[in-house]
Structure formats: C-alpha cells, structure tokens
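Here the structure comes first, spelled out in structure tokens, and everything after it is commentary.
Please read these numbers as outputs of a predicted model, since none were measured by experiment.
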Amino acid sequence: MEPGAQLRAAREAAGIGLREIARMTHYSPAYLSLIESGKRPVPTEVAAAYTAALGEPVDGERAGAEWIERVAASDVGGDTLDRLEMAVDDLASAYSTTAPADLLVGIRQHLGYTARLLDGKMTLVQHRRLLVTAGWLSLLAGTCHIDLDELPAAAARLRAARDIAEESEHPEISAWTLETRAWQHLVNREFAAAAELSQAARDVSPADSSAYIQATAQQGRALARIGDSAGTYGALRNVARLVSGLRTPDRPEHHFRYDPSKADTYVATTLSWLGDPAAEVYARNVVADLQRAACVRPRRIAMANLDLGLALVAADKPDEAANVALGVVASGRLVPSHHWRVSEIVSAIAQRDRPAAATVREAFHDT
C-alpha cells in the first residue's frame, strides 16, 4: 500500500471524514486529498499529524486489514452499488425524452431501494456512495416536480439533495441543487433571485464542472430577463470559453453532464430574452441543427422553437411566430414549467395580431 493510501485507510478505519481530519490536523481538505490519492508525497509532519489525530501510529497494513474486515461484514456488495449508480445515470439520461410523471416512478423506486440499503451494515465508503446516489436521485426528482409545477414536493426533494450533499461532502450535487433552484425561480419569473442563486451555484461548483457551466449559462438567461446587457453578454462569453475544446460526454443526453452543443440552445434563449436583433437568425440555425442532428431531442427542439417564436414577435413577424408556437403546442412535448413561455409569446402576438394569438391560445388551452 502506498504511503498516501495508508493514511486514507487509517482515517477511514477510524471512521473519520476528510474534512474532519483536515480540521484536526490544520491542513486543507484539498491538500490532504492530494496526499491520500498519491498525487503528492507524504511529508513527515503530515504523517505525524495523522498519528496525533487518530491516537495511534498509522500502520497501513493493520488499517488495511481492518478495512477489509469491514468490507467483508457489509450487507451491500460492490455489484449492487455499481448497478444502482448505472441506474441513476439511465434515469438522468432519460430526463429529456421521458414525461416527468413517468420518470418519477422509476426515481421513487430507486430512492426506496437506496433507503433500504442504507439501513444495512456497510463501510463508510459504501455509505457515502449510497448517499451520493440518493442525492442525485433526490435532485432529479426535484427537477421533475418543478416540471410538473409541484413546488412543495420539489422544495422537499431539493432540501434532501442539499442535506445529502453536505453530509457526503459532494460539491457538485450542492451546486446542481442551487442551479435547479435558480431555474425554478426563473420559471416563476423571479429573475433577480434566479441570477443570485446561479452565482451561488458557481461559487460552490468545482472549476469547469458541468454544474459550473450550466450555472453560468443559467445566470446569463436570468440577467437577460432583468435587462443587464453587460452581465448577459459576459455570461455568454464565459460559457463560450468554458465549452471551447470541451469533449462531448459519453452520454450527452445525461441531465447532469454538460453537452457542448447545448450551449447554442442557451445562446438562442438568452438572445431572444434580451431582445437582441441577432436572436432570430441564431434561433433558426439552432432549430435547423437540432432537426438534422443524429440524436433527435424533441424537447430541446420545442424549446428552441419557443426561442424562435419570441424572436419573430420582436422582429414584427406575428404570423410566423403564431405558426411556430402552434407547432410547439401540438408537439406534445410541453410540460407545466414551459407554459409561461407559451403564454408570453401569445401575449406578445396579441399586441400585433389578435386573431393569430387567439388561434394559438385556443390550441394551447386544448392541450
């Protein structure tokens, strides 16, 4: 066992978390993580600090043997955890193509299974993996509840995700929880609060993580809504920098893994919300790109068409805007969290062409 791994094994065998040992030894968690993972050598003074904190000499072989005994005594096998984590990835990947009410069925089933496993015997590492799994599931459930306009349920799920993220020391779940709350405020047209929560998400996100990129894009959309042009364009530039050279993830449809192609759809939304004259051309190009893409994403196409519809109204093309909005309404891809955007387009069309607006409104009410 490498020296850094010996330190980690001794700490875990003692049941002490990384942040706790950092407080006890007066070193930063990030520094100790580098040492335990073997990315930094183990200084004598750090080994001595671990010995003092753990109350006994750091004996890697003894600690490792104790840890193996704990694993053997666990009720949770490694295969079970692997399958559960893969199931979470499947659910997160199905988000963009599955009705939120249907997706919640699978999420609840896996949350129940995770809760039952947490009642069994397990190692600290296994316990953390289960907590992280529950955190992602709670976060995804909260997202679905927002889609369905079930706000008390969404708030409860997001509180659970936040608490789990704190207990498991998982900054990315913390960041996604804040970003999801920002999106909820945006849906509720509380744009200043959405901008503030997006910044809070950026503050806790790991650098250049998917959560950081998404929070930056979300902040740009919120700033566009409150008319902060400088902040909006700054956010767009930041997203462009962050996704430059970013590789497409192995599962680009995964809700919590940033797909670089998603940036274009956010630019279209942001420009249309800001009232930028370039919004119409940009939105048309995004719609065309999505329609001929190898991986068809109907919900993303619907949202891009809503961007186009709003841009067309601003360009004084209410007839075409009405046709685009009708197509979105008839697509069957709308969920309650999208309704405000359709209503906004209908209201804008009504100021220029009341009959066209009435047609869209009637179709919208019939869905």
Side-chain angles (χ1 to χ4, degrees), residues 100 145-151 154 181-198 217-229 231-233 235-236 264-287 290 298-367:
H145 283 302
I146 294 171
D147 274 332
L148 295 169
D149 198 29
E150 298 171 347
L151 301 187
R181 289 180 55 208
W183 172 60
Q184 179 180 345
H185 280 285
L186 194 148
V187 169
N188 293 338
R189 307 189 196 192
E190 298 163 348
F191 304 120
E196 291 176 5
L197 283 165
S198 296
Q218 196 73 278
Q219 186 176 45
R221 297 204 304 176
L223 292 173
R225 281 289 177 171
I226 60 179
D228 183 350
S229 298
T232 300
Y233 290 124
L236 291 176
D264 286 336
T265 63
Y266 269 73
V267 172
T269 303
T270 306
L271 292 179
S272 67
W273 287 4
L274 190 62
D276 190 299
E280 179 188 349
V281 173
Y282 206 100
R284 287 187 190 277
N285 288 333
V286 168
V287 171
L290 288 171
R299 191 181 297 179
R300 192 176 293 185
I301 292 174
M303 295 302 97
N305 273 303
L306 287 181
D307 297 332
L308 176 58
L310 190 60
L312 287 168
V313 174
D316 200 22
K317 300 176 181 179
D319 288 344
E320 187 180 359
N323 288 332
V324 169
L326 277 172
V328 174
V329 170
S331 71
R333 294 295 173 175
L334 290 177
V335 296
S337 63
H338 304 148
H339 290 176
W340 72 279
R341 296 190 60 186
V342 178
S343 297
E344 179 182 56
I345 294 174
V346 172
S347 297
I349 294 171
Q351 296 176 11
R352 296 165 173 82
D353 188 334
R354 286 184 176 274
T359 301
V360 179
R361 186 180 292 112
E362 183 178 355
F364 183 39
H365 288 166
D366 289 342
T367 58

To the closest 0.5 Å, what do you measure between [atom1] ([X]) and [atom2] ([Y])?
| X | Y | atom1 | atom2 | value |
| --- | --- | --- | --- | --- |
| L271 | Y266 | CG | OH | 14.5 Å |
| R352 | D319 | CZ | CG | 12.0 Å |
| I345 | F364 | CD1 | CZ | 10.0 Å |
| W273 | T232 | CH2 | OG1 | 11.0 Å |
| E280 | K317 | CD | NZ | 3.5 Å |
| Y282 | T270 | OH | OG1 | 9.5 Å |

Original post:
Which pairs with one or both residues in residues 320-333 pass side-chain hydrogen bond (donor to acceptor under 3.5 Å, both in side chains), sequence neighbours excluded?
Top reply: R284-E320
**OP:** Step by step, work out the side chain to side chain contact (heavy atoms under 4.5 Å, CB included) result for W183 and L197.
**Re:** CA-CA 9 Å; W183 172 60; L197 283 165; over 6 Å; no
Shortest non-hydrogen contact from [X] to [Y]?
| X | Y | answer |
| --- | --- | --- |
| A194 | A182 | CB-O, 3.3 Å |
| I226 | A192 | CG2-N, 4.0 Å |
| A302 | V328 | O-CG2, 3.7 Å |
| L326 | A363 | CD2-CB, 3.6 Å |
| S337 | I146 | CB-O, 3.8 Å |
| D353 | P318 | CB-CB, 4.0 Å |

Original post:
Mind checking whether L274 and S272 have side chains closer than 4.5 Å, heavy atoms only?
Top reply: no
Subject >> Heavy-atom donor-acceptor pair, H338 side chain to V335 backbone, under 3.5 Å >> reply: yes
**OP:** Go through the steps for L151 and N188 under the test side chain to side chain contact (heavy atoms under 4.5 Å, CB included), then give the verdict.
**Re:** CA-CA 10 Å; L151 301 187; N188 293 338; 4.1 Å; yes
Table please: side-chain donor-acceptor pairs of residues 303-314 below 3.5 Å, with sequence neighbours left out.
from: N305; atom 1: ND2; to: I301; atom 2: O; distance (Å): 3.2
from: D307; atom 1: OD1; to: T269; atom 2: OG1; distance (Å): 3.2
from: D307; atom 1: OD1; to: R341; atom 2: NH2; distance (Å): 2.3
from: D307; atom 1: OD2; to: T269; atom 2: N; distance (Å): 3.4
from: D307; atom 1: OD2; to: T269; atom 2: OG1; distance (Å): 2.7

Original post:
Does a side chain donor of either R181 or Q184 reach within less than 3.5 Å of an acceptor in the other side chain?
Top reply: no
